[in-house]
Amino acid sequence: MAILVIAEHDNASLKAATLNTVSAAAQLGSEVHVLVAGANCAAAAAEAAKVAGVAKVRVADAAHYDSQTAENVAALVVAVVANEAAGYTHILAPSTANGKNVAPRVAALLDVAQISDIVAVESADTFVRPIYAGNAMATVKSDDAVKVMTVRTTAFEAAAMVANEGGAAAVEALGAAADLGLTSVKGRDLTKSERPELGAAKIIVSGGRGLGSGENYHKLLEPLADALGAALGASRAAVDAGYVPNDYQVGQTGKIVAPQLYIAVGISGAIQHLAGMKDSKVIVAINKDPEAPIFQVADYGLVGDLFEVVPELSQAVG
Ligand SMILES: Cc1cc2nc3c(=O)[nH]c(=O)nc-3n(C[C@H](O)[C@H](O)[C@H](O)COP(=O)(O)OP(=O)(O)OC[C@H]3O[C@@H](n4cnc5c(N)ncnc54)[C@H](O)[C@@H]3O)c2cc1C
């Protein structure tokens, strides 16, 4: 019996979300294996072998896994589960755009329910997950033979990296499944930024509709983020208005974050926004409306005009 974690990686290195997912897997009580499906992905596999708690890394290295299309990766996972003598009891992926693309396909192909966005492991078959945008926690028990789960990464500490060279876990090559040829990636427009990744940042400066325009967003928030070494985030209203691209969005339909410090500027604190950031360790809100709901979750609130206070704050911390 073992647990399979689907690694998130770019062939060269692991994404941080994989480390949190391994931590969740480690709580299930069986051996943890990590599946690295990619093309020329030996470096990512070697990194996975150094993650504490990982017993085995299984690598499917083939050209058609280069873009890790969900259809091909899901078919591979299902083939691995079917062929495995010991049997995988749990399949875990991070609750990221990538994980949420692959895991439901795996669950459907295995004809089991997906258990989404778990935040705690009670036992090998019982898990806690948020419902109603995080306003209630549901404890769910699954009787499925294979449990397919996505993991809310902010709810689990990142697994440590084992220091010794060569890695602690065995790395084992896996035969590739057939290329389904259902989808192909024509190109990727990736946001290139010197700033920390939103999902992994320790400090986030986030802007909302109160900023009024994309120009104001950049003019006011970038100096503050630069001074703090922070990532930039946004409310959905700011994204919908075109101030910033949608990968900046924090919230129920955006990214779930839990940094050490979250600074919400001109954000009202709608329930869907709070669902994505209310687990932040320290929340600072800047809003001109003292009744704004963001102040109910804020540790520090500043009632004032953001056009005055944000430049002052940037100067003070810069
Ligand atoms: C199904 C669904 C999913 C959603 N998912 C998300 C999500 O993932 N993330 C998300 O953020 N939203 C989400 N929303 C939208 C959410 O309901 C809100 O509409 C949105 O969060 C509001 O964004 P905002 O706070 O920037 O704008 P507003 O609610 O318009 O708030 C702007 C704030 O700026 C303040 N302000 C204005 N001018 C100034 C000034 N000069 N100085 C200081 N303060 C000022 C105002 O007082 C106000 O509080 C979702 C909605 C639905 C229905």
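Whatever order the structure lists ligands and atoms in, that order sets their numbers, starting from 1. Quick note: numbers below take in every heavy atom, side chains included, and nothing from hydrogens, waters or symmetry partners.
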The residue among D247, N246, T253 that forms side chain to side chain donor-acceptor pair (under 3.5 Å) with Q249 is T253
Taking only non-hydrogen atoms of A237 and a 4.0 Å limit, the atoms of ligand 1 in range are 22 (C), 23 (O), 24 (P), 26 (O), 27 (O)
Heavy-atom proximity to atom 9 (N) of ligand 1, picking from V265, I256, V250, D305, points to V250
Ranked by distance from atom 26 (O) of ligand 1, the top protein heavy atom is S235 OG, 2.5 Å
Quick note on ligand 1: atoms under 4.0 Å from a heavy atom of D289 include exactly 47 (O)
shortest atom 5 (N) of ligand 1-to-protein heavy-atom contact is with T253 OG1, 2.6 Å
Is any N or O atom of I286, backbone or side chain, closer than 3.5 Å to an N or O atom of ligand 1?
no
Any side-chain heavy-atom pair from E71 and R105 closer than 4.5 angstrom? yes
Residue, atom and distance of the protein heavy atom nearest atom 34 (O) of ligand 1 read G266 O, 3.1 Å
- Task: For the pair E172 and K56, evaluate salt bridge (charged side-chain N to carboxylate O under 4.0 Å, His left out) and give the outcome as yes or no after the intermediate values.
- Result: CA-CA 7 Å; E172 186 185 287; K56 196 187 277 182; 3.3 Å; yes
In ligand 1, the atoms that come under 4.0 Å of a heavy atom of I267 are 25 (O)
Check ion pair D305-K288 (N to O, under 4.0 angstrom): no
- Query: Got I3 and T89 here, is their nearest side-chain heavy-atom distance under 4.5 Å?
  - Reply: yes
(request) Scan side-chain atoms only and decide if E8 and T96 contain a donor-acceptor pair under the 3.5 Å cut-off. (result) yes
query: Should G304 be listed as contacting ligand 1, given a heavy-atom distance under 4.0 Å as the test?
result: yes
Near G251 (heavy-atom distance under 4.0 Å), the atoms of ligand 1 are 7 (C), 8 (O), 9 (N)
| said: With no hydrogens and no angle check, just 3.5 Å: does a side-chain donor-acceptor pair link S213 and E215? | reply: no
| CG (D289) with more than 12 external heavy atoms under 6.0 Å | yes
In this structure, atom 46 (C) of ligand 1 is nearest to the protein heavy atom N287 OD1, 3.5 Å
In this structure, atom 52 (C) of ligand 1 is nearest to the protein heavy atom Q272 NE2, 3.7 Å
Of all protein heavy atoms, the one nearest atom 28 (P) of ligand 1 is S268 OG, 3.6 Å
Among non-hydrogen protein atoms, atom 2 (C) of ligand 1 lies closest to R236 NH1, 3.6 Å
Min over E308, R209, Q249 of heavy-atom distance to atom 8 (O) of ligand 1 lands on Q249
Quiz question for you: does at least one protein heavy atom lie closer than 4.0 Å to atom 19 (O) of ligand 1?
no
Is the closest side-chain heavy-atom distance between M149 and L28 below 4.5 Å? yes
shortest atom 45 (C) of ligand 1-to-protein heavy-atom contact is with K288 CG, 3.7 Å
* To do: State whether the side chain of E47 and the backbone N or O of L14 hold a donor-acceptor pair below 3.5 Å, judged by distance alone.
  => yes
Is there side-chain contact between V250 and H273, with at least one heavy-atom pair below 4.5 Å?
yes
Per-atom filter on ligand 1: closer than 4.0 angstrom to a heavy atom of G208 are 26 (O)
Crowded around N135 CG? As in, over 12 foreign heavy atoms under 6.0 Å?
yes
Within the 4.0 Å heavy-atom cut-off, what A270 brings close to ligand 1 is side chain
Using a plain distance cutoff, I'd like to know if L306 has any nitrogen or oxygen under 3.5 Å from a nitrogen or oxygen of ligand 1. yes
